[in-house]
J.: 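Structure in structure tokens, see below.
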Amino acid sequence: MTLTLAAAVKTLQDNDAATERSLQTAIGWSSLADCEAAIGYQLEDAWASDDSDRWPMIRGTALHEFLLPILAKLSDELVGIEVPTVYGGIPGHADLVETHRVIDLKTTKMANLTAWQRDETAMAWHQVNGYCAGLIDAGLVHEPATVAILAVPVDGKFPDWQLFERPFDRAVADGALMRLADIQARKTAGEQLRRERPYAWCQAVCDFFTLCRDGAPAENEVITDAELVAAIDAYGTAGEIKSAADKEQRTLAPLIRGLRGTAKGWRISMTNPSGTKSVLDEDQVRADYAANQLSVPTVDVPSSSPSLRVTRLKETT
């Protein structure tokens, strides 16, 4: 067998499909924050209708396996890495366990990390608190304990790493268990479970997208996912700040343009002209074509491309 691109991808996919994580059918702590509809499909062992790209998960697993043994050497209270734990009947594996702390390693993107910095409640605190609760009950972790999430952005640098830490809170884990029990009860009663992620997000990542989302996306969806809400709020707020800053700069520019020097920690100067460059003389081209009784050739292109727009809703009274 020769290494080709197709063979490399298929081998990785087949290897991932045979791992314990992929073969696990029971809901784990990492799934408890999924949307109600997705959890409902998992509860009934529904066959996935879509084959989502698992490269981010494979990449995350590889980084876990590389980083955890190295980071574990820093702890003088180490209990273990990838420690199995069960709480409320829900299984999981705690990444790095110390006698008084449980750390969950999250490989993520800078976009997600920025959203978490905006609102830490958008993070998977239920997961690490669930791990910690099970480990305390098993006598492996002792109170007072803390839980931590080590965020490692795959598209960032070392200065972008961040460690979030909080006191252990069993109520957070119990809240996730209560939500699961509520979903199970409403599913048994035949109630429609909520689709708590927006259409575009589901289309990109959910294995049950086609099964769940039969039809066109709804307009003006009310987005409730904490991480997405934090990201939208941060992006919109940044846009407002940028717009206000741009307006202020345009207002002040005429007063200071042309100055050179320093003031209050700032240096002001003017860039030098960069010379000239050749550009197409469209008027001459049109004149030449017209002189030869020819039409200037054109091609149809989209009048505009989709652009991201986040605007603040007007308050209603």
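The shown structure was predicted, so the numbers you read here are calculated from the model rather than taken from an experiment. Keep in mind that the numbers below use all heavy atoms, side chains included, and drop hydrogens, waters and symmetry copies.
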J.: Are the side chains of Arg166 and Val172 in contact, using a 4.5 Å heavy-atom criterion?
T.: no
J.: Can you find a pair of side-chain heavy atoms, one from Leu113 and one from Phe164, that are under 4.5 Å apart?
T.: yes
J.: Taking the inter-plane angle between the rings of Phe209 and Tyr199 on a 0 to 90° scale, is it parallel (under 30°), tilted (30 to 60°) or perpendicular (over 60°)?
T.: perpendicular
J.: A side-chain contact here means heavy atoms from C-beta on lying under 4.5 Å apart; do Asp225 and Cys35 qualify?
T.: no
J.: Is Val9 close to Trp55 at the side-chain level, that is, under 4.5 Å between some pair of heavy atoms?
T.: no
J.: Does any non-hydrogen side-chain atom of Lys106 lie less than 4.5 Å from one of Asn112?
T.: no
J.: Looking at Arg213 and Cys202, would you say the former's side chain and the latter's main chain have a donor-acceptor pair under 3.5 Å?
T.: no
J.: Should Ile39 and Ile90 be regarded as members of a common hydrophobic cluster, given that ILVMFWY residues are connected when their side-chain heavy atoms come within less than 4.5 Å of each other, either directly or indirectly?
T.: yes
J.: Are any of the side-chain heavy atoms of Asp207 and Tyr41 separated by less than 4.5 Å?
T.: no
J.: Answer yes or no: is there a donor N or O on one side and an acceptor on the other, between the side chain of Asp155 and the main chain of Lys109, under 3.5 Å?
T.: no
J.: Which one of Leu67, Ile81, Asp104 satisfies the side-chain contact (heavy atoms from CB on, under 4.5 Å) criterion with Asp95?
T.: Asp104
J.: For Glu36, which of Lys187, Arg197, Arg186, Gln192 qualifies under side-chain hydrogen bond (donor to acceptor under 3.5 Å, both in side chains)?
T.: Arg186
J.: Is it the case that atom CG in Leu5 sees more than 12 heavy atoms from other parts of the structure closer than 6.0 Å?
T.: no
J.: Using modelled atom types only, decide if a donor and an acceptor are shared between the side chain of Asp119 and the backbone of Ala115 within a distance under 3.5 Å.
T.: no
J.: Tell me whether His64 contacts the main-chain N or O of Leu105 through its side chain, where contact means a donor paired with an acceptor under 3.5 Å.
T.: yes
J.: Without swapping roles, check the side chain of Thr251 against the backbone of Lys247 for a donor-acceptor pair under 3.5 Å.
T.: yes
J.: Short question: side chain of Trp29, backbone of Ala173 - any donor-acceptor pair under 3.5 Å?
T.: no
J.: Verify the distance criterion only: is there a donor paired with an acceptor across the side chains of Arg118 and Thr237 at less than 3.5 Å?
T.: yes
J.: Indicate yes or no: does Arg179 engage Glu196 in a salt bridge with an N to O separation below 4.0 Å.
T.: yes
J.: Report yes or no: does His100 contribute a side-chain atom to a donor-acceptor pair with the main-chain N or O of His142 at less than 3.5 Å?
T.: yes
J.: Is there a side-chain contact between Arg170 and Ile136, using heavy atoms and a 4.5 Å cut-off?
T.: yes
J.: Whether Asp14 and Lys10 form a salt bridge (side-chain N of Lys/Arg under 4.0 Å from carboxylate O of Asp/Glu) is what I want to check.
T.: yes
J.: Is there a donor-acceptor contact under 3.5 Å from the side chain of Asp160 to the main chain of Lys157?
T.: yes
J.: For Ile27 versus Pro91, what's the shortest heavy-atom pair and its separation?
T.: O-CD, 3.5 Å
J.: Please name the pair of heavy atoms, one in Val147 and one in Cys132, separated by the smallest distance, quoted to 0.1 Å.
T.: CG1-CB, 3.7 Å
J.: For the residue pair Asp169 and Asn129, establish whether any side-chain heavy-atom pair is separated by less than 4.5 Å.
T.: yes
J.: Got more than 12 heavy atoms from elsewhere within 6.0 Å of CG, Leu308?
T.: yes
J.: How many angstroms lie between CD in Gln162 and CD in Glu165, if you round to the nearest 0.5 Å?
T.: 12.0 Å
J.: In this structure, are over 12 heavy atoms from other groups packed under 6.0 Å from Met178 atom CE?
T.: no
